[in-house]
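Take a look at the structure set out below.
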Number of protein chains: 2
Amino acid sequence: MGTKTRGGRAPEGYDPSKFPAFAVTVDVVILTMADSRLHLLLVRRGVAPFKGMWAIPGGFKRPTETLGEAAKRELAQETGVDSAAMLTQFGAYGDPGRDPRMNVVTVAYLAVLRDVGAVVAGSDAADAALVPVSEALDGTIELAFDHAKIVRDAVERVRGDLDLTGIAAAFVGPTFTLAELRTVFEAVWGVQLDGANFRRSVVTEEGWVIPTGRRARPGAPGGKPAELFRAGRMWKYSSPIRRSQPNERRKGNS
Amino acid sequence: MGTKTRGGRAPEGYDPSKFPAFAVTVDVVILTMADSRLHLLLVRRGVAPFKGMWAIPGGFKRPTETLGEAAKRELAQETGVDSAAMLTQFGAYGDPGRDPRMNVVTVAYLAVLRDVGAVVAGSDAADAALVPVSEALDGTIELAFDHAKIVRDAVERVRGDLDLTGIAAAFVGPTFTLAELRTVFEAVWGVQLDGANFRRSVVTEEGWVIPTGRRARPGAPGGKPAELFRAGRMWKYSSPIRRSQPNERRKGNS
DNA sequence: TTCAGTTTTGGTCGACAAGACCAGAACTTT
DNA sequence: AAAGTTCTGGTCTTGTCGACCAAAACTGAA
């Protein structure tokens, strides 16, 4: 921070020694893959304002913790996961009136989990739900406060991070098939990727996926059982898949 | 934001109705090109704590303004520019103890200007300076609070934004030569780019640079006078130059 | 005026990456 | 056994990017 320093002009009608008080909160956008689509964890508000409406989980920051610790605490309270989860800060929101009660500035975090389903089912009945992000983005589900914008920004962020960081690996479990990993990119970017080309991209270079000898059980329609892989060390730094400007085209097309 | 919602577990020893008060400030990292290197605007603190130390400009957020408006106000107070400046929020910082006086959460913005030199010279004497970012990054210049980390994050951000957004155009004036534009990429990324290849990248595609008939005056050592261009519309969306993983190599190499 | 030095600008060439597409392998259910 | 589905390896074409060369256009010095 830094109190205004420059000698001459003082901020008119404003006394730096009496700073305005704000509440600071931390909100967490929790994303996961379900049904080959990107999903979002929401909670139903039990208190005013916006009582009964859907919102993303969050809470007040404590003076003794860092912002990151606060986000981690909120994530653990909401989902039970407290492992070294992928937590990324992506924005701060402080428009006047965004909370009708008082001046609140919130710092928003993005968390990517591989399986929230079980967590949600085991929680306090019907006040938590996993919904497709599309329904939150197009307004089918109305969100409290300015959470609609926060979710939009979070999705923007994860789309960009997908080819800048190894965040894609956080969507899948400790072992996974290449098709599984491919659906992450397809769902987040809204594109169709060629399976063979995708495989080449991640298998050719060392360090992205390491084969476990095992194979996955095929789904309902059968098909050749896919190899099971573990994530390699490269995901810590980058991604093997780059987003291309024109969508990849499929067989029957223009 | 959102008060904690889930029924069962309440945050232990914590009463949501009595939230802790924070001061919220906005800090602006002002970057510009000078002497073919990336520079940073610093101010000298006139009050405790860290009195006499260098810091990035900033100040308290007012309850009636948005975070972006606060950043714009601080930028204008410090440099006098209030045009639609390129202002990007890139992080929030709230570690306990980062300000010894009280609990402060700051939201950091990045501003890119084309020429701060005149502004600095014309301001209140010696309490503002333009320094190379390298000196701030390597510790040659010690910064107040956690501003060293904030500056590091800002530089990281601008490095990434250089090929994701059109931020490079904000570094140059209304008309510029291609060599000028090229030094922006070279200085921020710390690479050497081939002039001919660079030209092709921006000239081939329509919309990046539009030629004004004029030519620039060559520098001291002479050389063919370069064409003067204006920035096209494409800079609003993206960048014509992509960062390559291995540095581009020059003539005499391995 | 000439010359050496410097910068800009246009061109070519090869390496590499990415996408389109095909076909065989391996499993499912009927 | 047959049909359907998915996985996996292969080939081919295309386009992009960087390395490199050379001419053009200007400076200052000899």
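If you measure from atom CD of Glu205(B) to atom P of dC17(D), you get 9 Å, rounded to the nearest angstrom. Rounded to an integer number of Å, the gap from Leu181(B) CG to dT9(C) P is 13 Å. As a whole-Å value, the separation of Leu193(B) CG from dT8(C) P is 13 Å. Put simply, CZ on Arg182(B) is 11 Å from C1' on dT9(C), counting in whole angstrom units. Rounded to an integer number of Å, the gap from Leu228(A) CG to dC7(D) P is 12 Å. One atom, CD of Glu227(A), and another, C1' of dA25(C), lie 13 Å apart when rounded to the nearest Å. For the pair Gln192(A) CD and dT6(D) P, the interatomic distance rounds to 12 Å; values are reported in whole Å. When the P atom of dC17(D) is taken as reference, atom CZ of Arg242(A) falls 14 Å away, rounded to whole Å.
Near-neighbour residues of DNA chain D inside residues 32-39 of chain B, defined by a heavy atom below 4.0 Å, are absent.
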Exercise. Output, in order, the C-alpha distance, side-chain angles, deciding distance and verdict of side chain to side chain donor-acceptor pair (under 3.5 Å) for Asp27(B) and Thr106(B).
Key: CA-CA 7 Å; Asp27(B) 290 341; Thr106(B) 198; 3.2 Å; yes
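Positionally, the nearest nucleotide of DNA chain C for Pro240(A) lies more toward the 5' end than for the other of Ala220(A) and Pro240(A). For Gly219(B) and Thr177(A), each mapped to the nucleotide of DNA chain D holding its nearest heavy atom, the one lying further toward the 5' end belongs to Thr177(A).
Contacts classified as salt bridge (Lys or Arg N to Asp or Glu O under 4.0 Å) and involving residues 215-241 of chain A (residues at least two apart or in different chains) are given here: Arg199(A)-Glu227(A). Residue pairs meeting the ring-ring contact (aromatic ring centres under 6.0 Å, His included) criterion with at least one partner in residues 214-239 of chain A, sequence neighbours excluded, are Trp208(A)-Trp235(A). Annotation: ring-ring contact (aromatic ring centres under 6.0 Å, His included) contacts involving residues 148-180 of chain A, sequence neighbours excluded, are absent.
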Pick out the pairs of N or O atoms, protein on one side and nucleotides 24-26 of chain D on the other, that lie under 3.5 Å.
residue	atom	partner	partner atom	Å
dA25(D)	N3	Lys224(B)	N	3.3
dC26(D)	O2	Gly223(B)	N	3.1

Could you list, one pair per line, each protein nitrogen or oxygen that sits under 3.5 Å from a nitrogen or oxygen of nucleotides 10-12 of chain D, together with the distance?
residue	atom	partner	partner atom	Å
dG10(D)	N7	Arg200(A)	NH1	3.4
dG10(D)	O6	Arg200(A)	NH2	3.3

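In plain terms, the two heavy atoms of Val29(A) and Ala154(A) that are nearest each other are CG1-CB, 3.7 Å. The minimum heavy-atom distance between Ala170(B) and Met86(B), with the atom names listed, is CB-CE, 3.9 Å. When all heavy atoms of Pro240(B) and Val202(B) are compared, the closest pair comes out as CG-CG1, 3.5 Å. Closest of all the heavy-atom pairs between His147(A) and Ala55(A) is ND1-CB, 3.5 Å. The nearest pair of heavy atoms linking Ile30(A) to Pro57(A) is CD1-CG, 4.0 Å.
Every residue two or more places apart in sequence or in another chain that forms a side chain to side chain donor-acceptor pair (under 3.5 Å) with Arg157(A) is listed here: Asp161(A). Residues forming a side chain to side chain donor-acceptor pair (under 3.5 Å) with Thr140(A) (at least two apart in sequence, or on another chain): Asp138(A). Listed by chain and number, the residues in a side chain to side chain donor-acceptor pair (under 3.5 Å) with Glu180(B) amount to none (sequence neighbours excluded). Evaluation of the side chain to side chain donor-acceptor pair (under 3.5 Å) rule for Ser238(B) yields Arg242(B) as partners, not counting sequence neighbours. Among residues two or more places apart in sequence or in another chain, the ring-ring contact (aromatic ring centres under 6.0 Å, His included) test is passed with Phe185(B) by Trp189(B), Phe198(B).
Residue Ser201(A) places no side-chain N or O under 4.0 Å from the OP1 or OP2 atom of dA17(C). The side chain of Arg199(A) contributes no N or O atom lying less than 4.0 Å from OP1 or OP2 of dC7(D).
Across the helix from dT1(C)-dA30(D) to dT30(C)-dA1(D), the helix axis at one end is tilted relative to the axis at the other end by 10° (nearest 10 degrees, each axis from five pairs).
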